[in-house]
S.K.: 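Quick one: structure below, then a few questions.
Counting convention: from 1, in listed order, for ligands and their atoms alike.
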Amino acid sequence: MDSDVRLRPFEREGRTRVVYGPGALARLPELVRAQGAKSIVLVTDRGLVEAGHARRVEELLASSGAAVLVVDDVVEDPAAAEVELCATAARAFSVELFVALGGGSALDTAKGAAMLVGSGGRMQDLWGHGKTRAPVVPMIAIPTTAGTGSEVQRYALITDEATGQKMACGAEDAAPRVALLDPELTLTLPEGVSAHGGLDALGHAVETAVTRARTPLSDLFALEAFRLLAGNFAQVLAEPQDLAARGAMQVGACWAGLAIEHSMLGAAHALANALTARFPLVHGVAVGLMLPHVVRFNAGEPATRARLAELGRLLPGTEEPCARLVAFLERALERAGLPLALECQQVRAEDVGPLAEFAARQWTAQFNPRPVGRAEFEQILGSALHGARSNLC
Ligand SMILES: [Zn+2]
């Protein structure tokens with residue numbers, strides 16, 4: 001890896017066709033026909049069935065002339081066995097196209113199943129990159145949250161139920177063929193889902209902006225993602241029906257997802273993986289809680305501090321830009337109704353060592369701009385335990 005980001009190689013081919021616009025869901029039959037599929041598996045969850053979105057998508061798919069099988073029992077943070085069940089049903093249906101409707105869990109379940117249908121075996125066999133033994137079944141992703149960016153990524157995050165480990169399973173042909181972004185689908189999101197997805201997407205934008213693997217291309221996506229997400233996070237929570245703000249969050253999350261494709265993540269995600277494996281915390285909350293502390297830690301290195309200041313200058317305010325960024329991230333947590341201190345989430349001082357050990361073993365840790373190992377993770381967790389500001393829980 002060249003130490004100068006300006007000389008770091010990248011390629012941009014546009015694996016995923018991104019289609020964005022209010023009401024864009026109506027274009028689904030046309031997008032399906034372009035894939036030429038005659039048997040489609042729609043992967044979604046009970047919440048979207050109850051909201052009526054799954055029924056509408058099923059009708060749009062049927063109008064394209066294809067046979068449709070609905071799998072609507074996706075769970076939060078899908079485990080390998082659940083993805084394998086989905087793949088088995090899809091294989092029996094002779095699936096030619098997956099359509100995933102929902103948040104990151106629905107998208108990752110469909111993506112994992114699309115990899116397993118041809119390759120067979122277990123999800124654990126596909127942990128890592130390029131372990132598939134057959135072409136991945138094509139997929140159209142319709143995200144209904146603004147969060148993970150899975151709609152444009154080659155990786156699915158699937159939990160190994162035996163260890164709690166989040167396995168990133170990816171292949172070159174696993175990125176969805178189409179990401180269909182319709183902000184109208186996000187208008188009915190519960191406040192918690194909007195907040196947690198937004199915190200995760202902000203985490204993606206901030207971490208990709210400074211990671212050791214960043215490139216000129218990821219910089220482009222990371223900065224614009226941060227501008228959109230930071231500028232609209234509070235607004236979607238204050239005015240959930242603000243379609244323009246919803247759209248900005250959806251596009252921001254998508255750009256942040258593309259940034260990850262070209263740059264990897266960092267210490268906040270390594271720590272979040274450790275926290276969600278041991279405590280009942282959702283991914284976005286864990287990332288959000290870690291982010292201000294990781295930014296403070298990373299700002300201890302001059303080159304990274306300068307880079308973080310670039311993000312800070314995109315925010316209103318008069319404080320020093322890095323301090324402005326940290327204050328903004330802490331306000332975002334408060335706005336999401338989350339106490340800043342990790343001890344409010346039942347994390348105790350004696351948990352710090354094992355959590356740091358787990359985080360240090362995460363793949364994403366090596367891409368953090370300032371080197372992190374167990375000792376540094378203990379330091380970051382120590383400051384997060386009581387919260388850097390007055391304790392709110
Ligand atoms: Zn994330």
Side-chain angles (χ1 to χ4, degrees), residues 76-78 102-109 111-112 141 143-159 164-170 175 179 189 192-211 213-214 218 221-222 225-226 228-230 233 249-279 281-295 298 311 329 332-333 336 338 345 355 358-359 362-369 372 380 384:
E76 188 99 18
D77 293 325
S105 298
L107 270 52
D108 282 357
T109 297
K111 200 185 291 175
T144 59
T145 64
T148 66
S150 178
E151 65 271 17
V152 288
Q153 293 170 349
R154 291 165 293 165
Y155 285 83
L157 280 184
I158 310 294
T159 304
Q165 174 77 45
K166 278 221 184 336
M167 304 180 291
C169 308
L189 277 183
V193 179
S194 299
H196 303 164
L199 289 171
D200 186 28
L202 276 166
H204 297 164
V206 172
E207 293 221 278
T208 55
V210 297
T211 164
R214 71 191 181 91
S218 67
F221 289 119
F226 182 77
L228 287 169
L229 295 164
F233 178 79
M249 290 300 287
Q250 203 178 31
V251 173
C254 180
W255 283 181
L258 280 169
I260 297 172
E261 279 285 284
H262 295 282
S263 72
M264 310 311 293
L265 286 160
H269 272 76
L271 286 160
N273 286 351
L275 283 168
T276 56
R278 296 174 57 96
F279 294 90
L281 281 173
V282 298
H283 176 75
V285 170
V287 170
L289 286 169
M290 289 296 98
L291 200 56
H293 302 278
V294 167
V295 167
N298 284 339
L311 296 183
L329 295 171
L333 282 166
L338 293 164
Q345 309 290 345
L355 285 169
F358 191 108
Q362 298 299 298
W363 186 48
T364 190
Q366 66 187 288
F367 301 105
N368 195 63
V372 276
I380 296 168

S.K.: Specify whether Y155 and W363 have parallel, tilted or perpendicular ring planes, treating 30° as the upper limit for parallel and 60° as the lower limit for perpendicular.
M.R.: tilted

S.K.: Between H204 and D200, do the side chains contain a donor N or O and an acceptor N or O under 3.5 Å apart?
M.R.: yes

S.K.: How wide is the angle at the Zn ion (ligand 1) spanned by H283 NE2 and D200 OD1, rounded to 10 degrees?
M.R.: 90°

S.K.: Out of the N/O/S atoms in H204, what is the name of the one closest to the Zn ion (ligand 1)?
M.R.: NE2

S.K.: If you check every N/O/S atom of H269, which is the one nearest the Zn ion (ligand 1)?
M.R.: NE2

S.K.: Distance only, no hydrogens: is a donor on one side chain within 3.5 Å (strictly under) of an acceptor on the other, for D108 and S150?
M.R.: yes

S.K.: Show the nearest heavy-atom pair for residues T211 and L265, with the distance to one decimal.
M.R.: OG1-O, 3.6 Å

